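Written out below as structure tokens is the structure these notes cover.
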Amino acid sequence: MTRSPYLTNAPSVSVIMLKVVLALIPAIFAYVWVFGGGILVVLSIATFVALTSEALMLKLRNRPVLPFLMDGSALVTAWLLALSLPPLAPWWLVVVGTFFAIVIAKQLYGGLGYNPFNPAMVGYAVLLISFPSIMTHWPAPLDLAKAQLGFADQFHYIFGGLLPDGVKVDGITQATPLDYLKTQLGLHRDLQDITHESIYGKFGGHGAELVTFAYLLGGIYLLQQKLITWHLPVAFLASLAIFSEIFYLVNPEHFANPLFHMFTGASMLAAFFIITDPVSGPTTPKGKLIFAGGIGILTYLIRVYGGYPDGVAFSVLLFNIGVPLIDAYTQPRVFGHTK
Amino acid sequence: MSRYTEIVENGLWKQNPGVVQLLGLCPTLAMTVSLVNGFSLGFMTALVMAASNASVSPVRRWVPTEIRIPVFILIIAALVTIIDLAMHAYLQSLHAVLGIFIPLIVTNCIVLARVEAFAAKNPVIPSALDGFMMGMGLSLVLALLGGIREIIGKGTLFSGIDLALGPSAKMFIIQVIPNYHGFLLAILPPGAFFGLASLVATKNWLEQRKSRTASVPTNEHQLVGH
């Protein structure tokens with residue numbers, strides 16, 4: 001029988017990570033539905049590389065291998081990175097990104113709990129600035145693609161870069177919704193014309209918006225399980241929405257509406273899974289609001305004025321630098337003490 | 001003679017400016033996108049350092065302590081100008097690639113550090129040797145870092161050697177990895193930081209292994225960088 005004040009046991013790291021993995025499952029189903037089974041191959045490569053490089057680094061650092069490996073944090077990093085990559089990414093791209101995330105961003109800084117930067121986003125940023133053309137060529141959703149690839153074809157494409165006879169790369173890839181919007185706006189076309197094209201859906205990208213809904217679903221599960229607090233996702237989405245609403249009100253011909261920004265790109269993934277990383281994020285409630293709000297604004301600015309189509313990774317990394325400062329200035333008043 | 005071997009050893013290994021003293025990081029990080037770039041800048045720095053140490057050493061007794069820094073800087077600046085103009089005249093294409101970093105050798109703190117720490121206290125010949133060897137130590141680090149970044153970033157080695165040795169030297173360019181996609185990060189500034197950090201780690205690891213195998217731990221004096 002428990003006695004007052006009824007403190008519940010804090011869940012262990014592995015339980016938390018397992019639930020995060022569980023929350024990502026709907027999104028993976030959505031991915032397979034929209035883009036085909038290739039994402040499963042990418043996820044497997046990332047998982048394998050993450051676990052082996054984590055084990056290797058733990059051994060080199062003379063740390064116990066199994067307990068740290070079983071906490072599942074490497075697995076979550078691998079999955080978050082894999083879900084940020086194009087679903088038909090070549091195998092070596094996944095290997096390089098995961099290796100950077102685990103070895104350099106996490107283990108070289110001291111392992112779980114000591115990394116100042118979000119490992120998955122470090123891996124993503126490294127890949128994006130190193131291989132921009134591969135990273136911005138996403139496969140078209142299956143129902144829009146000119147050529148259909150089965151699971152076996154996708155498997156061969158990821159490992160060998162080979163496509164079936166008669167299929168060209170252009171037949172299976174297209175610009176991402178954010179990328180296309182940016183280039184077309186650059187050609188002085190009206191926003192309304194652009195967003196009526198087939199690659200756009202009701203809110204965001206055709207098909208891709210289904211994946212973002214799945215992230216939202218997983219995020220609500222995390223909130224319900226009290227693994228994350230409302231501060232980070234709400235502040236991020238609110239600042240993104242408010243900021244884009246202001247621009248949208250000023251010039252709706254040129255700036256996309258808030259719903260578009262919330263349901264395209266990595267917004268939902270970032271809101272519930274990326275910025276909620278407990279290690280590299282702030283710990284105080286007020287700090288969380290500042291952190292997430294700042295990332296939202298910066299993401300919007302990079303999307304609209306920056307050189308890259310999406311800005312989540314860079315915004316998260318930039319605000320990771322500010323976390324110690326944010327935490328230092330937002331310490332809550334201790335009960336019974338004056339400030 | 002042992003004095004001279006000590007100077008050489010200090011410059012090239014024990015107190016290497018690139019990986020031990022960590023002085024002169026600006027060109028180390030900025031110019032090492034290829035082996036040729038890194039080594040050329042390092043070599044020019046070595047020439048300046050040998051010349052500046054050799055010219056400060058004879059006048060060291062007549063320079064008042066209070067104004068020694070401006071005097072030293074003036075001497076170094078004059079020497080750098082000579083190197084800059086000479087390169088512009090004879091190695092024009094290489095000069096264009098290294099650009100602003102040649103005049104900036106003046107502000108490279110390893111040059112002033114050796115003048116201040118060594119030439120102001122020692123006779124001419126050892127001073128000149130110290131300056132040159134410190135410069136060569138820096139050159140080796142710059143060349144190594146440049147080589148690593150070039151191989152990982154572009155898959156080649158010795159690219160741009162024709163700028164230094166004339167168009168016929170193009171045949172020395174080696175394609176280390178054929179059909180390479182290129183790994184842009186190694187060429188971009190982060191690659192310099194990652195690369196230098198790995199070199200420093202490797203040096204420390206080698207030293208640690210050496211001191212572990214040696215029965216008597218050596219007491220090493222390291223110059224503190226600024």
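Letters go in sequence order (proteins before strands), and every chain restarts at 1. Everything numeric in this text was worked out from a predicted model, so none of it was measured.
Counted within 6.0 Å of CZ on B:Phe72, heavy atoms from surrounding residues, nucleotides or ligands total more than 12; the atom is thus considered enclosed. B:Phe101 CZ: more than 12 foreign heavy atoms inside a 6.0 Å radius. Around atom OH of A:Tyr114, no more than 12 heavy atoms belonging to other residues, nucleotides or ligands sit under 6.0 Å away. Within a 6.0 Å sphere centred on CZ of A:Phe48, heavy atoms belonging to other residues, nucleotides or ligands number 12 at most.
Using cut-offs of 30° and 60° for the angle between ring planes, the A:Phe100 and B:Phe194 rings count as perpendicular.
Sorted by first and then second residue, the salt bridge (Lys or Arg N to Asp or Glu O under 4.0 Å) pairs involving residues 112-138 of chain A (not counting sequence neighbours) form an empty list.
The shortest non-hydrogen separation linking B:Leu184 to A:Ile129 is CD2-O, 3.3 Å.
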Pairs of donor and acceptor atoms, chain A with chain B, under 3.5 Å:
residue  : atom : partner  : partner atom : Å
A:Ser130 : OG   : B:Leu185 : N            : 3.2

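Contacts between A:Leu127 and chain B at a heavy-atom distance below 4.5 Å are absent for every atom of the residue.
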